[in-house]
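Inspection log for the structure reproduced underneath, given as structure tokens.
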Amino acid sequence: MTANKIRVVVVGAKGRMGRETVKAVLNDPELELVGCIDRTLQDVAVSALLGHEANGVKFSTDLSKTLLETNADVMVDFTTPATMKGNIDKAIELGVRPVVGTTGMTPEEIANWNQLCKDRGIGGLIAPNFAIGAILMMRFAQQAARYLPHVEIIEMHHDQKLDAPSGTAIKTLELIALEREAMQQGHPDEQETIAGSRGGDYEGMRVHSVRLPGYVAHQQVIFGGLGQTLTIRHDSINRESFMPGVVMGCKQVMKYEGLVYGLENLLD
Ligand code: NAP
């Protein structure tokens with residue numbers, strides 16, 4: 001154990017996001033990887049996951065035991081909606097700060113974890129999107145809507161994604177709606193020759209979801225005004241894009257009490 005480093009346990013360590021997180025934690029001088037948890041680990045060579053020998057990192061399927069044994073400061077969770085809730089409960093109970101990218105919790109659950117974190121005097125973070133560029137894209141779109149209220153969103157994701165539109169598109173629409181009165185866009189008498197051509201409707205804003213192999217996660221927000229358009233676009237080309245946000249989250253949760261929902265709340 002190294003003095004003054006933030007001790008991190010990664011849950012879902014052999015998944016796609018978990019592997020990236022393991023690498024990102026190992027590469028950051030202020031963080032120390034102390035544990036890797038997954039549902040099954042026997043089929044994963046330690047060296048394949050870490051890139052070198054275990055070197056004191058605990059590998060286990062038992063989260064509570066590992067959090068205790070490693071005296072962890074932070075638990076990063078990239079698992080499944082069904083698993084993540086129990087993991088957050090266990091971490092908070094043991095005074096370990098949760099940093100969670102898995103989605104699927106209710107506002108009531110978030111409010112409850114916020115109170116539990118405050119009671120324990122620890123910070124926590126749940127971020128539906130850890131890509132800092134995506135957070136900025138949403139923030140810039142919210143600003144632009146004040147001056148250019150006619151807006152449509154096109155989001156593009158890999159074809160294994162189950163939900164549409166994406167959580168990021170919904171969050172963008174919600175933020176824009178704070179700046180813009182609900183109104184109908186397009187021609188009042190427009191008709192769809194093919195149903196769905198004009199996309200989903202959120203307070204008059206149209207949202208279109210593209211699902212194709214080859215994409216990771218992409219979104220463009222298009223504003224139209226007199227004689228001009230403005231397009232704000234973000235592309236997550238691979239899962240590394242989420243890692244600066246995860247690393248930032250691990251450091252920030254050490255500095256406040258209560259659970260923050262959304263990485264945007266940690267940006268200056
Ligand atoms: P994945 O590749 O399927 O990885 C999930 C990992 O969790 C797998 O290794 C899985 O093991 C493990 N797991 C399942 N149940 C577990 C349990 N009970 N205890 C411990 N580990 C368990 O999925 P992914 O692509 O990494 O995505 C993980 C989550 O992150 C998803 O919810 C995804 O939507 C989310 N995500 C968030 C962001 C963001 O920016 N917030 C970005 C990308 C993805 P098995 O394979 O053995 O079941």
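For ligands, and for the atoms within them, numbers begin at 1 and follow the listed sequence.
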Taking everything shown except K161 itself, do over 12 heavy atoms lie less than 6.0 Å from its NZ? yes
Heavy-atom pairs closer than 4.0 Å: do any link ligand 1 to the side chain of P128, the backbone, both, or neither? backbone
If you have a sec, work out which protein heavy atom is nearest atom 23 (O) of ligand 1 and how many Å separate them, to one decimal? R16 NH2, 3.9 Å
Among V260, V253, I132, I135, which residue satisfies the side chain to side chain contact (heavy atoms under 4.5 Å, CB included) criterion with L266? V260
Of all the atoms in ligand 1, which lie at a distance below 4.0 Å from a heavy atom belonging to F130? 39 (C), 40 (O), 41 (N)
Can you figure out which of M17, K14, Q160 has its heavy atom closest to atom 44 (C) of ligand 1? M17
From the options T229, L230, T231, select the one residue that forms a side chain to side chain contact (heavy atoms under 4.5 Å, CB included) with F223. L230
I want to know if ligand 1 touches A131 in the polar sense, i.e. an N/O pair below 3.5 angstrom. no
Got the closest protein heavy atom to atom 37 (C) of ligand 1, with its distance? G101 O, 3.1 Å
Please report which non-hydrogen protein atom sits nearest to atom 18 (N) of ligand 1, along with the residue it belongs to and the distance in Å to one decimal place. T83 CG2, 3.1 Å
Assess the side chains of H218 and Q220: does a donor N or O sit below 3.5 Å from an acceptor N or O? no
Starting from atom 4 (O) of ligand 1, which protein heavy atom do you reach first, and at what distance in Å? G15 CA, 3.2 Å
Identity and separation of the nearest protein heavy atom to atom 48 (O) of ligand 1: R39 NE, 2.9 Å
Looking just at side-chain N and O atoms, do N112 and E108 make a donor-acceptor pair shorter than 3.5 Å? no
Protein residue, atom and distance nearest to atom 9 (O) of ligand 1, heavy-atom basis: D38 OD2, 2.8 Å
Between M183 and L173, is there shared hydrophobic-cluster membership here, with clusters defined by ILVMFWY side-chain heavy atoms closer than 4.5 Å? no
A127, any N or O under 3.5 Å of ligand 1 N or O: yes
Is any side-chain N of the basic residue among E93 and K90 closer than 4.0 Å to the acidic one's carboxylate O? no
min-distance protein heavy atom vs atom 30 (O) of ligand 1 -> F78 CD2, 3.4 Å
Is the shortest side-chain N to carboxylate O distance from K251 to D28 below 4.0 Å? yes
For atom 16 (C) of ligand 1, state whether the nearest protein heavy atom is under 4.0 Å away. yes
Hey, are E155 and S209 close enough side-chain-wise for a donor-acceptor pair under 3.5 Å? yes
So which protein heavy atom does atom 32 (O) of ligand 1 come closest to, and at what separation? T102 CG2, 3.4 Å
